[in-house]
Amino acid sequence: MAEIKLEHIYKRYPGNDADSVTDFNLDIKDNEFIVFVGPSGCGKSTTLRMIAGLEDITKGDLKMDGEVMNDVHPKDRNIAMVFQNYALYPQMTVFDNMAFGLKIRKMPKDEIKKRVDNAADILGLTDYLQRKPGALSGGQRQRVALGRAIVRDAKLFLLDEPLSNLDAKLRVQMRTQIAQLHQRLKTNMIYVTHDQVEAMTMADRIVIMNDGKVQQVGTPDDLYNKPANKFVAGFMGSPSMNFFDAKLENGRVSNGKGLDVAIPEGRLKVLRDKGYEGKKLTVGVRPEDIHTEQVALEAMSDALVDAKVEVSEFLGTDSMLYSRTGDTEFVAQVNARDYHKPGEEVKMAFEMSKAHFFDDDTQVTIE
Amino acid sequence: MTMGWKKLGVSVMAGAMALTLVGCGNSNSSSSSNKKVKITILQGKVESNKQFKQIAARYHKLHPNVTITVSSIGGGTDYDPVLKTRISSGNAPTIFSLAGPADVKQFASQEADLSNTKAAKAAQPGTLDAVKSNGKTVGLPFNVEGYGLVYNKKIFKKAGVDATKLTTMAKLTAAVKKIDSQKSKLGIKGVFCLPGKETWILSDHLANLYVGQEFGGNALKMYNSKSMKFTANKEMKAMIDLQKNYSVGPVMQQDYSSQVNQNFSQGKVAMIQQGDWIYSTVEQIDKKFAKNDMGMIPIPVKGYENKLPVGTSLYWGVNKNKSTAEQTAAKNFLDWLYTSKEGKKLVVNKLHFVPAYKGYDDAKMPDALTQVVFKYSQAHKTIGWAFPAYTGTSWDPNTFQPNLQKYLSGKQSWNTTVKNSIKGWNEQQASK
Amino acid sequence: MKKTSRFFLGILGLLLGIIWLFPFYMILTNSFKTPKGIFASVLSLPGNGQATTTNYNNSFKALDFISSLGHSLLITVVSVLILVLFSSMAAYALQRNKSKLSGALLMLFVSAMLIPFQTVMIPLTANFGQAHMLNMWGLMFMYLGFDASLSIFLYQGTMGSIPIAMDESAELEGANRFQIFFKIVFPMLTPITVTVGILNIIAIWNDYLLPSLVLPQNQYTIPLQMFFFFGQYTKQWHLALAGLTLSIIPVIIFYIFAQRYIIKGVTDGAVK
Amino acid sequence: MKNRSLSFWLFLTPTLVALALVVFIPAIMGVFYSFTNWDGLGYTEMLGFKNYITLFHNSGFIAALWFTIKFVIVTVILLNVIGLALALLVTQKFKGNNLLRTVFFMPNLIGGLILGFIWQFIFTQAFDALGKAFHMAWLTGWLTDAKTGFWGLVIVTVWQMSGYIMIIYIAYLQNIPSEVIEAAEMDGASPWQRFVHITFPMIAPAFTVCMFLTLSNGFKIYDQNLSLTNGGPYKSTEMLAMNIVNTAYSENNFALAEAKALIFFLIVAAISLLQVYYNRKREVDL
């Protein structure tokens, strides 16, 4: 329905001497579900609020369908927003909450009713229309907030951590519901969250931010498998990637304290070509790429590590082994059948063909 | 300069009013072209306001062209601020009241010359002394009032004391002791009730007898004096001590209402130092007692035996900044009130005023206390009121009254009290 | 809470309540006594042939009660409506705009509260008199000037608890500033509005000095009429106490009615 | 809301205009008059700082200032302690708590002047009667000296205003989420600890407001002073506002009164604003 472009957007609050958002660039295609993810304070909400028009853009252009929107009043941007704490109007009924924006726009009464009823139907709120927000459960309030956005028929939906106040089960439910909603409405959505699982499961594309800067933009698959830097690699995935400070020597990486593994030929060549022989770098290994079953130990005999299990979590199909080698702690996600008790000394195989390597200074992925 | 500020204020305000409120202005109608005249009265005797309103209505009936609006602000200090704000805001009344020389000076720019009014010519000798300004008369007395020792005839009779014979301090003291010795028999709590809280009982009324002597009881003379000697202070002390020692206690807790309403009217004390104005209060509490059992005798002062302090507490002033028609109407009204046949009747029977004017010889005052005042006043057995000379000055509230109260509550010797009072007066007069 | 501690709290409250009510007991009982009865014993109940209800009759007439009640009501209601409206708007502007200017303006309002009334009364009445505004309309405007500061101060303190997301949400939905304020924010301020309303109603209902300077006699309020009972020498307590009782009744009724709004905040369910 | 926006000013204009016309312009005129010999109607000369020099030698003014400061210290403490205690009491759950709110607030329904008259009765009649009945000498002779006059004023003020302070505290107490208190209860905090560590810090803004109100009202009090003691005996209970009014109306020295008022204003403003500044800062820290 709309194409949105953010070109070199900067935000600096008056009185601050650093930018809160630096050089933000993004093209949003029609009907795309974009998720902004990153730790709190990384600038994702600020960017969202600039798109909404709630914050001034310090520098750069925001374009919608080719038109610069920087100075357009929020109400004229045709944007709907769902707030983290919902911002429901406590003195109005659910119906009035949803109808408010339409009444303001002087829409005919029967049209308002049609839209609200429709939205209530979609969200399963029909029975609650005459209640006030105080009499609703958390999930219901959340849906009212969504409903308020739906009735507006806006070009762009902004959702600012809409699920953060819900319990885990509800959150999963609502996640699907929002995804379905997106399918159904075919509207652009920008969704802000600090939860990488939400980002991975919902997004067409993820924008991952840190310290006011975009770290990487890409599909969930890109971000997981081809992280642009150590931050992205560490942020995406749960449990997160294990990092080891090590040195590349003689086709092996070692840190002299427990870790000493060989690198497959192809990966080694890249590293050598980039001149990392004999240098320090950071090795990243995802927990699911560490194995303990006999087959793997035999297959990857040149990448074995002696580890001591400190905590062991049984998760049904998998086990998480919180382990230590030398003075480095790491997590291994292994088959539940390979259960190990805390305190056990275990040999573990690192699947180095799936390892990630990062420059020690720039933290950028070496590839 | 003042005008500049005011204009600024007014113009800003006018704009703002238009913005925020629907103004409902009342324009000052000048009625010189028309025969109809509207005059306004702002007077300081709250308790008589109802009566003045009725009189104004009656006057309008007789003179349909003249409409009089009467309003009142009372309670001592409240009157002056209201009058001042009315004047400075251009809503000044046509007729206002003046409380003495200090007010005469304060409102000099408003006061019309009333020397040629019939009322001024009919005024009793001496009653206009306090309201002369550059030889002109600028005020007309409301009435005259008198004070002394108001006593309970029943108690005196029961105690075997003849009040009319108490003409000297010695006789009074003896009588007080006699009454005091029969307290329980008479059912009283004390001989006197001295209200130490009401500063004016001592500083204005009582002190008048001892301080006023020096100035012949003439307020204006005292107002213009450079110094004061307070030669009769020992006699004043004796009188205070007598009242205090035989008063229901604690004296510093007693005020007007405990003195009049609570103690005297209920027969709990034999006598109090008060004036004819208490009649209506007593009447409200006990009609029969007020009618039959109240009497008043002069406070015995050496050299002024059997003389009652009689004077005026309020005067009428006419605003000279109003149109001639209004001023004339105002003067005519006052003349009518005090010199016409009907007016005189109203003064005596409706207002219960002891007249300050000649021509009331055959009047019969309606109550026991005003009868006493009228009698002394007609017989010219009076002492003048000098205290209006200082009631409007800072010496009274800041020096004289606090010093007397300090003496009364035992915090200070009489000598110091006298010394401070004289010093304060002389300083004030010097800086005038 | 345990039953016993609840019981003791009740007892404590009862005792305090009695202390607090004692003066009212005096007003009420003495208003039914003759003048003689009042001074015979102020503490006792009306009796001994000194009980009467004529005070109410007389006071009602002397106060010109119906008309002065009308003036009191009109002045109080209109003034308070103006005050609540404009001061909540001003507080909103100041609270939602955190700038140096707002801080300075707030200080200005606050410092106005510190200026003693007596120092401005003469220039004030002079100015208004020249603008022909010494009447009840001028008085209402003056109340806005005198009492807005406290109201703004009170509003400002609680407005912070209304999430700014409320404003933003409404703004995105297309509401302008006035719609945001009147449809969203103001309704959420009800508890403090009731508080502000009550405080101002009481102050204005009982005010004596300012109306005495401003109102012409045909617009007199109850307290002004009542002061005819307080002459320089004679205080007509029997009438004053009856009049006082009559004049307190409307305010008590209002207060009891309004109280439940203070008790229950309506912000429940706004967020989370 | 941005301060350059039109709506910001539209929201503020009505009150700003009223404030300017009703308070500030007259106040500025008053300040100007304090340099003249204004008598309430007009003036004839400029006196420069003469009035200000006079007032510092004016023993009545200095005495009234000290009396007022003592009064303010005592009443600010008592009003806040009692007002908050009452608020805490009536926000507990027990029978009749709503009725009690009304009762505690009722003194505000009577104007200050009449209130003073009524309390005069109580101090002189009821106290006396009780004192004699129970042989407690300290209950007799109230309002006859500076000490009982002072405490009389304090009692009347506390009796009247603590209900007012109470409802402000209540308004803020209602805003505390009950979970927070419950959390503290779970943590094992005693009622007193809950109050000191949780409730009180959370109603800090109310404390700022109430401190300010009690301070500024304490300094400005006039009606009760007039009707209860009228400054007596021997001017020992004359407070600042009354001193200023008397200077103006009974001494007819309006210019000096305006000078006193300006000094008075500066003192009160300095103390009150410092208080607000300090408390607001503390609120942020919490």
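Values below: all heavy atoms of this structure, side chains included; hydrogens, waters and symmetry mates excluded. Lettering follows sequence order; numbering is per chain, from 1. Note that this is a predicted model, so its numbers are computed, not measured.
- Atom CD of A/Glu67 is surrounded by 12 or fewer heavy atoms from other residues, nucleotides or ligands within 6.0 Å.
- The side-chain heavy atoms of C/Glu168 and A/Arg49, taken from C-beta on, include a pair separated by under 4.5 Å.
- The two residues A/Lys75 and C/Gly174 make their nearest non-hydrogen contact at CB-CA, 3.2 Å.
- Interatomic distance, C/Leu172 CG to A/Leu54 CG, rounded to the nearest 0.5 Å: 5.0 Å.
- Side chain of A/Tyr89 to backbone of C/Pro187: no donor-acceptor contact under 3.5 angstrom is found.
- Put simply, the side chain of A/Met92 reaches to within 4.5 Å of the side chain of C/Ile184, judged on heavy atoms.
- Within the 4.5 Å cutoff, the side chain of C/Met188 has heavy atoms near those of the A/Pro90 side chain.
- Nearest heavy-atom pair across A/Gln91 and C/Lys183 is NE2-O, 2.8 Å.
- Of residues 100-110 of chain A, those residues lying under 4.5 Å from chain C by any heavy-atom pair are A/Phe100, A/Gly101, A/Ile104, A/Arg105.
- Looking only at side-chain heavy atoms (C-beta outward), A/Met81 and C/Glu173 stay at 4.5 Å or farther from each other.
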